[in-house]
*Asks:* 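Provided herewith is a single structure, encoded as C-alpha cells, for subsequent inquiry.
Bear in mind that the values here come from a model prediction, so they are computed numbers and not experimental data. Sequential numbering from 1 along the given sequence is applied to the chain's residues.
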Amino acid sequence: MEFTFDTVYDQKAMTALAHVLRKTVRHKHSRRSHLFGWLAMALGLWLSWPFGEDGLTLSARTIFTWLVLLVLLATLLWEDRLNGFIALKRTLPGLTRAHTVFGLEGYHSTTDVGSSDFPYDKILMLAETKEYFAFIFGKSHAQVYDKSSLSGGTVEEFRRFIEEKTGKVTQKLG
C-alpha cells in the first residue's frame, strides 16, 4: 500500500505546524511563557491604571504602557499564527509545495527544489489536527501533511500505517 500527500506550505499549514510544536515538544516552555505573559498583563494593567486622587488622569506613559500591553495580548492570543507567519517568511523559495509518497521503508518528498528520502525511525512524535498530520523531529523541526490531499487510502488507514511504521502513537490535537 502506498499513500501520497500533496501539501502546500501556506499560512494555514505553517500555523498548524506552529500549533503542533507548541502543544507537543514545546508545551512546558509554552505554558511557562503564557503564565509569565498573563501575569505581566495583569501587573501592567494594575500599575498603569489611570485613576488617581484627581480622578481619571491619562499620561503619555500610561498610553504607551497600554500599547505595549496590547501587543503582548495580541502575541498571547495569536502566537501560532505569528510563529507560522515568521516561519513562512523564512521558507526558501521552491519549498512551499511538497508531493510526498509513503512506502514500506520510508517516505520520499519532492519539491520544486529537489527531493529527499526520510526513514520512519527519525520521527520523534506523531500528531494530528483536524486538517493535518504532523511529524515532529525536534523542538524546531516538523513536517505537516494535508489530510484533504491524501490518496491511496483513508485517513484511518494512514494513521494505522504510520503508527505501525514508527512505533509511535498519534497525539490528537484540537
Side-chain angles (χ1 to χ4, degrees), residues 5-98 100 109 111-114 116 118 122-149 155 159 166 168-174:
F5 287 91
D6 288 303
T7 303
V8 176
Y9 283 89
D10 56 6
Q11 180 64 46
K12 182 178 169 186
M14 297 306 264
T15 298
L17 187 63
H19 175 76
V20 165
L21 287 171
R22 181 174 60 84
K23 290 290 189 176
T24 56
V25 291
R26 297 180 185 168
H27 75 278
K28 287 182 183 177
H29 181 267
S30 179
R31 191 176 314 151
R32 285 191 299 262
S33 296
H34 275 247
L35 179 63
F36 177 77
W38 288 112
L39 287 173
M41 283 283 303
L43 183 63
L45 283 172
W46 181 61
L47 291 175
S48 67
W49 200 249
F51 293 108
E53 295 174 7
D54 301 335
L56 182 65
T57 56
L58 282 177
S59 68
R61 181 181 295 177
T62 300
I63 293 170
F64 179 75
T65 301
W66 285 357
L67 288 174
V68 169
L69 291 175
L70 187 62
V71 169
L72 178 59
L73 178 64
T75 302
L76 287 168
L77 294 177
W78 296 299
E79 174 184 8
D80 295 334
R81 288 184 193 148
L82 180 62
N83 284 336
F85 176 78
I86 293 168
L88 186 60
K89 291 297 179 192
R90 296 175 72 187
T91 302
L92 296 173
L95 295 178
T96 56
R97 291 187 176 274
T100 309
S109 186
T111 64
D112 291 341
V113 176
S116 300
F118 299 93
K122 299 298 182 194
I123 299 171
L124 180 66
M125 298 174 89
L126 299 172
E128 180 179 352
T129 67
K130 184 176 145 187
E131 298 171 330
Y132 295 95
F133 281 105
F135 298 172
I136 301 157
F137 299 98
K139 288 191 176 195
S140 299
H141 302 288
Q143 298 168 337
V144 292
Y145 299 95
D146 188 354
K147 289 181 182 179
S148 67
S149 71
V155 168
R159 186 183 309 110
T166 62
K168 314 269 189 239
V169 176
T170 302
Q171 292 184 38
K172 294 192 178 186
L173 306 172

*Asks:* Run the side-chain contact (heavy atoms from CB on, under 4.5 Å) test on Asp80 and Phe85 for me, step by step, so that the C-alpha distance in whole Å, both residues' side-chain angles and the decisive distance to 0.1 Å come before the verdict.
*Replies:* CA-CA 8 Å; Asp80 295 334; Phe85 176 78; over 6 Å; no

*Asks:* Applying the side-chain contact (heavy atoms from CB on, under 4.5 Å) test to Leu69, which of Val71, Thr65, Leu73 qualifies?
*Replies:*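 Single side-chain contact (heavy atoms from CB on, under 4.5 Å) partner of Leu69 among Val71, Thr65, Leu73: Thr65.
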
*Asks:* Between Gly37 and Leu76, what is the shortest heavy-atom contact and its length?
*Replies:*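 Residues Gly37 and Leu76, closest heavy atoms: C-CD1, 3.8 Å.
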
*Asks:* Return yes when atom CH2 of Trp78 has more than 12 non-hydrogen atoms of other residues, nucleotides or ligands closer than 6.0 Å, and no otherwise.
*Replies:*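 Atom CH2 in Trp78 is not crowded, with 12 or fewer foreign heavy atoms closer than 6.0 Å.
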
*Asks:* Could you label the plane-to-plane angle of the Tyr145 and Phe5 rings as parallel, tilted or perpendicular, counting under 30° as parallel and over 60° as perpendicular?
*Replies:*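 Geometry flag for Phe5 against Tyr145: tilted rings.
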
*Asks:* Quick one: closest heavy-atom pair of Glu128 and Val155, and the distance?
*Replies:*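 What the structure gives for the nearest pair is OE2-CG1, 4.1 Å.
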
*Asks:* Which heavy-atom pair separates Leu72 from Ala40 by the least distance, and what is that distance?
*Replies:*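 For Leu72 and Ala40, the tightest heavy-atom pair comes out as CD2-CB, 4.1 Å.
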
*Asks:* Looking at Lys147, I want to see if its NZ is surrounded by more than 12 non-hydrogen atoms of other residues, nucleotides or ligands under 6.0 Å.
*Replies:*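 Yes.
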
*Asks:* Under the side-chain contact (heavy atoms from CB on, under 4.5 Å) criterion, do Phe135 and Lys122 qualify, and how do the steps go?
*Replies:* CA-CA 10 Å; Phe135 298 172; Lys122 299 298 182 194; over 6 Å; no

*Asks:* Is the count of non-hydrogen atoms from other residues, nucleotides or ligands lying under 6.0 Å from His141 atom NE2 greater than 12?
*Replies:*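 Not buried by this count: 12 neighbours or fewer within 6.0 Å.
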
*Asks:* Counting only heavy atoms from other residues, nucleotides and ligands, does the tally under 6.0 Å from CZ of Arg26 exceed 12?
*Replies:*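 Check passes, neighbour count above 12.
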
*Asks:* Counting N and O atoms only, with roles assigned by atom type, does the side chain of Lys168 sit under 3.5 Å from a partner on the main chain of Ala127, one being a donor and the other an acceptor?
*Replies:*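 Not at all, since once roles are kept as given, no pair shorter than 3.5 Å links the two residues.
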
*Asks:* Closer than 3.5 angstrom, by distance alone: can the side chain of Glu131 be matched with the main-chain N or O of Ser148 as a donor-acceptor pair?
*Replies:*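 Here the side-chain-to-backbone pair does not exist.
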
*Asks:* Give a yes or no answer on whether the side chain of Thr170 reaches the backbone of Leu126 with a donor-acceptor pair at less than 3.5 Å.
*Replies:*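 Looks like no, no N/O pair under 3.5 Å.
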
*Asks:* Are the side chain of Thr24 and the backbone of Val20 linked by a donor-acceptor contact shorter than 3.5 Å?
*Replies:*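 At least one qualifying donor-acceptor pair exists.
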
*Asks:* Shortest non-hydrogen contact from Gln11 to Leu88?
*Replies:*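 Gln11 and Leu88 have their closest heavy atoms at N-CD2, 3.7 Å.
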
*Asks:* More than 12 non-hydrogen atoms from neighbouring residues, nucleotides or ligands closer than 6.0 Å to CZ on Phe137, yes or no?
*Replies:*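 Correct, the count exceeds 12.
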
*Asks:* Step by step, work out the side-chain contact (heavy atoms from CB on, under 4.5 Å) result for Thr96 and Thr91.
*Replies:* CA-CA 7 Å; Thr96 56; Thr91 302; 4.2 Å; yes

*Asks:* For Ala87, give me all partners under side chain to side chain contact (heavy atoms under 4.5 Å, CB included), at least two apart in sequence or on another chain.
*Replies:*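 With sequence neighbours excluded, Ala87 shows a side chain to side chain contact (heavy atoms under 4.5 Å, CB included) to Met14, given in chain and number order.
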
*Asks:* Which salt bridge (charged side-chain N to carboxylate O under 4.0 Å, His left out) pairs, counting each pair once, include a residue from residues 64-79, with sequence neighbours left out?
*Replies:*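 The answer is Arg22-Glu79.
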
*Asks:* Any side-chain to backbone donor/acceptor pair from Tyr9 onto Val144? Under 3.5 Å, distance only.
*Replies:*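 Here the side-chain-to-backbone pair exists.
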
*Asks:* Please find the pair of heavy atoms, one from Thr62 and one from Ser48, that lie closest to each other, and give the distance.
*Replies:*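 Where Thr62 meets Ser48 most closely, the heavy atoms are CG2-O, 3.3 Å.
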
*Asks:* Might you point out which heavy atoms bring Leu17 and Gln143 nearest each other, and give the distance in Å?
*Replies:*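 Reported closest heavy-atom pair: CD1-N, 3.9 Å.
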
